[in-house]
Amino acid sequence: MQTFENYTYERPDMQAEKEKFQTLLKDFKEASSYQEATKAMETINKQRSTLDTMSNLVHIRASIDTNDEFYQKERDFFDEVGPQFSEMTTAFYKELISSPYREELEKQWGSQLFQIADYQIKSFSPEVMSLLQEENKLTSAYNKLVASAEVEFQGGTYTLAQLGPFAEHKDRAVRKEAMNASAGFFASNGEKFDEIYDKLVKVRHKIAVKLGYKNFVELGYVRMQRIDYNAEMVDVFRKQVRDVIVPLASKLYKKQAERIGIDNLKFYDTNFDFKTGNATPKGSPEWIIENGKKMYEELSDETNEFFQFMLDRNLMDLEAKKGKEAGGYCTYLEDFKAPFIFANFNGTSGDIDVLTHEAGHAFQVYSSRQIGVPEYMFPTYEAAEIHSMSMEFFTWPWMELFFKEDTDKYKYAHLASGLHFIPYGVAVDEFQHLVYENPEWTPDERKQAWKKLEETYLPHVDYDGNAYLEAGSYWQRQGHIYDVPFYYIDYTLAQICAFQFWKKSRENQEQAWEDYLRLCKLGGSKSFLGLVEAADLKSPFEQGTVEDTVEVIEKWLDSVDDKAL
């Protein structure tokens, strides 16, 4: 059995790959029957899968160690050739949607594939190739800059992830110092972050205009393959968040201040949930994985098989270390039929959230890996986040394995933080709308816009005199804003769906798991609202869904004597 370390990487010869693709595309175009067209399509998909596998191998290995010169050079190579992959895929899509066998192909593969193809065609043209390359280089520059953080703190040197536990310290002075040290890294590189983002906004605007759009907002929605909803529907959702969740979040923050015994909650207090300290995992990363194995064994036969597959092949890199990129993600190596989980364990409850969240993504792609269409491996982003966030709740019955006497603390904080997150997530989304509607804004104008959004969505925020944060710069630490524009509202939409799964699992665990499993097996074969319906969930865009969903959460939180935790 091959493990991740032995997965072979080979840099593709792009000239040879393009020639091979042209031959395969000709076969598809000239197919004399539906069967021939299907065979040609499968061969094209095989080539695309291999190129995608090589690109993802590079991405994983480069993000695990940003000091690895070989994989950094290979990442630069893929930044350069990535748009050529898009060009090849777009050429295939053009033939696919105009195929004389479209009706039969659509019957076999479903209409979602053709809608995805249509959106890809609308988001690419060879004319924007050099601009796309520039965009790739700028996002890599952001990630490398964040990964370069070596913050001096209390006599030690830490990455941003390693500073995390200090932000939850019982001693308020330590929390303040840690959060200021983290913000200090961003402040000292503030001009670089501004410059990278300024260039990104301008290059994305240029791409949009060249492709015939008014601005990047329109193109952003097309890139994100938002097939069955639009900016107006998102606006309706944001209004529900302002009306229903913002006041509730403020109420919860007030309770938190009382609980931890302070008059005014400062920005360095929001991560500290209980006077006696936050819930933390009671063992090492290896111990966490051992308990994770037991949890997934007991949850279901399907999760048992999946987690064993991940362990046997070393498909997880979980600990924070120097030179490692920030954050967590799950990706998929198609040629090996293998999901991969990347994380930065740092001894906080977030380690368990990542284990369940990223495993939710990985379990979904593992469950739908036999579908046979690259486009259907993962669903569109907002639907994909339903699997990950819901897995966080399906694993609640096993949280005692990790938190022991702190289990109730963990559950309360986990549920409350899900609510707290939504207004922030919505603010990030609205910020991007404003930025791309006003591409000529200066960095200062962007910061002013962020400050106003904080007043609307995060009225509790008090930066306690930190000049960098008070200037409206907090958003610079949100990698999605740089990396994947408009990918953030997705988490908030998915959180509303995951809350519904939480409610269903408490009423009837068996039925809820059946609905979840069905959703996972569908992969990306339906659009967002199609998947929501298939899982028997209510659409977050529907008036009243947010209120109905959140009401149950509020009742549960109110029923807990949080001061006794």
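In this chain, numbering begins with 1 at the start of the sequence shown.
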Check step by step if side-chain contact (heavy atoms from CB on, under 4.5 Å) holds for Phe528 and Ile386. CA-CA 10 Å; Phe528 172 57; Ile386 300 175; 3.9 Å; yes
For residues 510-530, which residue pairs qualify under salt bridge (charged side-chain N to carboxylate O under 4.0 Å, His left out), counting only residues two or more places apart or in two chains? Lys504-Asp515, Asp515-Arg518
Closer than 4.0 angstrom, basic N to acidic O: yes or no for Glu297 and Lys293? yes
Geometric class of the Phe486/Tyr436 ring pair [parallel <30°, tilted 30-60°, perpendicular >60°]: tilted
Side-chain ion pair, Arg102 and Glu106, N-O less than 4.0 Å: yes
Kindly indicate whether a cation-pi arrangement holds for Arg223 with Tyr221, taking the cut-offs as under 6.0 Å to the six-membered ring centre and within 45° of the axis. no
Using a 6.0 Å cut-off, check whether atom CD of Gln108 has over 12 heavy atoms from anything other than its own residue. yes
With sequence neighbours excluded, tell me which residues meet side chain to side chain contact (heavy atoms under 4.5 Å, CB included) with Asp317. Ile64, Lys321, Lys324, Phe340
Evaluate the criterion ring pair (Phe, Tyr, Trp, His ring centres under 6.0 Å) for residue pair Trp502 and Phe499; output intermediate values, then yes/no. CA-CA 5 Å; Trp502 174 81; Phe499 279 155; 7.4 Å; no
What heavy-atom pair brings Arg172 and Asp269 nearest, and what distance separates the two atoms? NH2-OD2, 2.7 Å
Could you go through Phe309 and Tyr366, starting from their C-alpha distance and side-chain angles, then the distance that decides it, and tell me whether this counts as ring pair (Phe, Tyr, Trp, His ring centres under 6.0 Å)? CA-CA 10 Å; Phe309 177 93; Tyr366 182 83; 5.1 Å; yes
Partners meeting salt bridge (Lys or Arg N to Asp or Glu O under 4.0 Å) with Asp536 (sequence neighbours left out): none
Quick check: does any side chain N or O of Asp273 sit under 3.5 Å from a backbone N or O of Asn278, one acting as donor and the other as acceptor? no
If you count the non-hydrogen atoms of other residues, nucleotides and ligands that lie under 6.0 Å from CD in Glu298, is the total more than 12? yes
Does NZ or CZ of Arg259 lie under 6.0 Å from the centre of the six-membered ring of Phe274, at an angle within 45° of the ring axis? yes
In terms of heavy-atom contacts, Asn344 and Glu325 come closest through ND2-O, 3.0 Å
Within a strict 4.5 Å, meaning less than it, do heavy atoms of the Pro285 and Glu319 side chains meet? yes
Do Tyr296 and Glu305 come within less than 4.5 Å of each other through their side chains, counting heavy atoms only? no
Test ring pair (Phe, Tyr, Trp, His ring centres under 6.0 Å) on Tyr487 and Tyr491 and set out the steps. CA-CA 8 Å; Tyr487 180 11; Tyr491 291 103; 5.2 Å; yes
Measuring only between side-chain heavy atoms, which start at C-beta, is Ser390 closer than 4.5 Å to Gln500? no
Do the two ring centres, one from Tyr424 and one from Phe431, sit under 6.0 Å apart? no
Does the pair Phe394 and Phe363 meet the rule for a ring pair (Phe, Tyr, Trp, His ring centres under 6.0 Å), with working shown? CA-CA 13 Å; Phe394 276 114; Phe363 177 65; 9.9 Å; no
Decide yes or no on side-chain contact (heavy atoms from CB on, under 4.5 Å) for Glu334 and Met377, but give the supporting numbers first. CA-CA 9 Å; Glu334 287 190 43; Met377 292 301 139; 4.2 Å; yes
Show your reasoning for whether side-chain contact (heavy atoms from CB on, under 4.5 Å) applies to Lys266 and Lys176. CA-CA 9 Å; Lys266 306 291 185 186; Lys176 181 176 181 177; over 6 Å; no
Taking it one step at a time, do Phe237 and Val426 satisfy side-chain contact (heavy atoms from CB on, under 4.5 Å)? CA-CA 9 Å; Phe237 174 71; Val426 163; 4.0 Å; yes
Tell me whether the count of non-hydrogen atoms from other residues, nucleotides or ligands lying under 6.0 Å of CD in Glu103 goes above 12. no
Cation over ring, Arg226 on Tyr229, under 6.0 Å and within 45°? no
Begin with the C-alpha distance, continue with both residues' side-chain angles, and end with the deciding distance and a verdict on side-chain hydrogen bond (donor to acceptor under 3.5 Å, both in side chains) for Gln308 and Asp312. CA-CA 6 Å; Gln308 197 56 55; Asp312 290 344; 2.9 Å; yes
